[in-house]
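Okay, structure first, notes after.
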Number of protein chains: 2
Amino acid sequence: MNSIPAIKSALKASGRRITSKREVILDLLRKIPGHPDAETLFLEAKKIDPRIGLSTVYRTLALLKKEGFIEEHRLGQSHGHFEASRRAAHVHFSCLACGQVIECENPLVNRLKTEIKRTLNADLKEFHVYAGGFCRSCRPTGGRP
Amino acid sequence: MNSIPAIKSALKASGRRITSKREVILDLLRKIPGHPDAETLFLEAKKIDPRIGLSTVYRTLALLKKEGFIEEHRLGQSHGHFEASRRAAHVHFSCLACGQVIECENPLVNRLKTEIKRTLNADLKEFHVYAGGFCRSCRPTGGRP
DNA sequence: TTAGTTGCAAACAATTTGCACGTTG
DNA sequence: CAACGTGCAAATTGTTTGCAACTAA
């Protein structure tokens with residue numbers, strides 16, 4: 001599920017087209033590690049297809065997000081960061097000092113999600129846990145010296 | 001803790017001043033229910049002090065956030081929403097259809113926060129859980145008819 | 001007195017949109 | 001060839017900043 005062919009056929013099924021630009025962006029979302037923002041994806045995409053425009057990147061990201069293939073996260077910054085959707089929800093920790101983002105899997109995330117869903121009787125489309133603070137190395141005391 | 005007098009003396013202690021504008025914003029943050037954004041606070045503040053500027057609202061919010069008295073949340077929209085800091089972290093659910101925000105207290109939130117903190121050995125300053133989807137009334141099926 | 005605070009307008013950053021042209025199915 | 005996608009530039013939105021005037025301590 002959520003392999004590139006699966007995404008392509010899902011897009012086709014909803015009347016969208018598989019264009020060379022979309023393929024480039026789709027590939028990059030797989031290849032770039034971490035949580036690239038629109039600008040990063042744009043710059044990388046231009047290396048492959050110099051004629052791609054920033055708005056195409058934004059439009060493609062919006063499409064993939066609407067279809068549920070990628071997630072957009074606000075990692076304490078004013079712009080969005082993107083990553084391919086995964087089965088297990090996980091925590092994004094962002095260090096306020098060095099800026100690194102650490103992903104944390106923890107079974108409580110899914111348990112919490114399930115409980116919230118049941119409590120609200122809602123249809124959950126997104127579930128994001130964000131933690132901000134100072135990482136082991138950057139925290140005032142207790143880190144390595 | 002985090003009563004208005006407490007906030008004022010904490011501000012004074014760090015060399016800040018208690019101005020009439022700041023008092024207005026501080027009061028509004030207590031009185032306005034829900035999670036107002038900067039624009040809402042600005043419009044309400046103008047009813048009390050018509051000479052207040054939007055930048056003062058932003059600057060005051062930034063200050064209160066830095067000092068830990070308020071939290072800024074990204075509730076699925078491109079702008080921030082603010083609320084007074086509370087002791088218990090809680091979940092913000094935002095309905096993608098009707099826009100209402102529901103707060104959900106659940107003991108798993110604090111347990112998860114504690115576990116993440118221990119796992120990363122980090123100094124956590126923020127811990128936000130955001131859920132987006134369709135509420136009981138707006139979900140395709142299963143809601144009230 | 002004097003350092004912190006404010007309003008205003010301008011600057012900025014991130015994202016969206018209108019439109020003529022290009023491309024896919 | 002018809003509908004969808006794209007580049008470009010301009011428009012929007014949300015927030016920050018420079019600076020002269022203002023004000024709390």
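The figures that follow rest on heavy atoms only: side chains count, while hydrogens, waters and symmetry mates do not. For clarity, every value in this text was computed on a predicted model and none was experimentally measured. By convention in this document, chain letters (A, B, ...) are assigned in the order of the sequence lines, proteins followed by strands, and residues within each chain are numbered from 1.
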Next item on the list: Identify, between A:His79 and B:Arg22, the residue whose nearest nucleotide on DNA chain C lies closer to the 5' end.
Entry: B:Arg22
Next item on the list: Quick one: do A:His92 and A:His81 satisfy ring pair (Phe, Tyr, Trp, His ring centres under 6.0 Å)? Show the steps, please.
Entry: CA-CA 11 Å; A:His92 287 102; A:His81 293 254; 9.4 Å; no
Check: Nearest-Å distance, CD (A:Gln77) to C1' (C:dC12)?
Finding: 16 Å
Next item on the list: In whole angstrom, give the distance that lies between atom CG of B:Leu11 and atom P of D:dA24.
Entry: 15 Å
Check: Are B:Leu96 and A:Ile116 in one and the same hydrophobic cluster, where Ile, Leu, Val, Met, Phe, Trp and Tyr link if side-chain heavy atoms are under 4.5 Å apart?
Finding: no
Notebook entry, point to check: NA contact type, A:Ser55, heavy-atom cut-off 4.0 Å: base, sugar-phosphate, or nothing?
Noted result: base
Margin query: Tell me whether B:His128 contacts the main-chain N or O of B:Glu126 through its side chain, where contact means a donor paired with an acceptor under 3.5 Å.
Written below: no
Next item on the list: Taking all non-hydrogen atoms of both residues into account, name the closest pair between A:Gly76 and A:Tyr130 and its distance.
Entry: CA-OH, 3.6 Å
Note to self: So, does B:Arg51 get its side chain near the phosphate of D:dT23, meaning an N or O under 4.0 Å from OP1 or OP2?
What the structure shows: no
Next item on the list: Write down the distance between CG (A:Leu26) and P (D:dG5), rounded to a whole number of angstrom.
Entry: 14 Å
Notebook entry, point to check: Taking atom P of C:dT24 as reference, at what distance in whole Å does atom CD of A:Glu23 sit?
Noted result: 10 Å
Check: What integer distance in Å separates A:Phe82:CZ from C:dA14:P?
Finding: 12 Å
Notebook entry, point to check: Atom NE2 of B:His90 and atom CZ of B:Phe127: how far apart are they, to the nearest 0.5 Å?
Noted result: 12.5 Å
Margin query: Measuring to OP1 and OP2 of D:dT6, would you say a side-chain N or O of A:Arg59 lies under 4.0 angstrom away?
Written below: no
Checklist line | Minimal non-hydrogen separation, A:Lys12 against A:Ile18, with atom names | finding: CE-CG1, 3.8 Å
Note to self: Looking at B:Lys47 and B:Glu44, is there a salt bridge between them, counting it only when a charged N and a carboxylate O are closer than 4.0 Å?
What the structure shows: yes
Check: Between A:Leu54 (CG) and D:dA10 (C1'), how many Å, whole number?
Finding: 14 Å
Check: Do you know which two heavy atoms are closest between B:Leu63 and B:Arg16, and how far apart they sit?
Finding: CD1-NH1, 3.2 Å
Notebook entry, point to check: Between A:Lys66 (NZ) and D:dC4 (P), how many Å, whole number?
Noted result: 12 Å
Enumerate, atom names and distances included, each donor-acceptor pair closer than 3.5 Å involving a side-chain atom of residues 65-72 of chain A, sequence neighbours excluded.
unit_1: A:Lys65; atom_1: NZ; unit_2: A:Glu72; atom_2: OE1; d: 2.9
unit_1: A:Glu71; atom_1: OE1; unit_2: A:His73; atom_2: NE2; d: 2.9
unit_1: A:Glu72; atom_1: OE2; unit_2: A:Arg74; atom_2: NH1; d: 3.2

Note to self: Without decimals, in angstroms, what is the distance between A:Arg74 CZ and C:dA13 P?
What the structure shows: 16 Å
Check: Within the structure, does a side-chain N or O atom of A:Tyr58 lie under 4.0 Å from either OP1 or OP2 of C:dT16?
Finding: no
Notebook entry, point to check: For DNA chain C, what residues of residues 12-21 of chain B have any heavy atom nearer than 4.0 Å?
Noted result: B:Gly15, B:Arg16, B:Arg17, B:Thr19, B:Lys21
Checklist line | Positions of residues 31-47 of chain B (non-hydrogen atom under 4.0 Å from DNA chain C), listed by number | finding: none
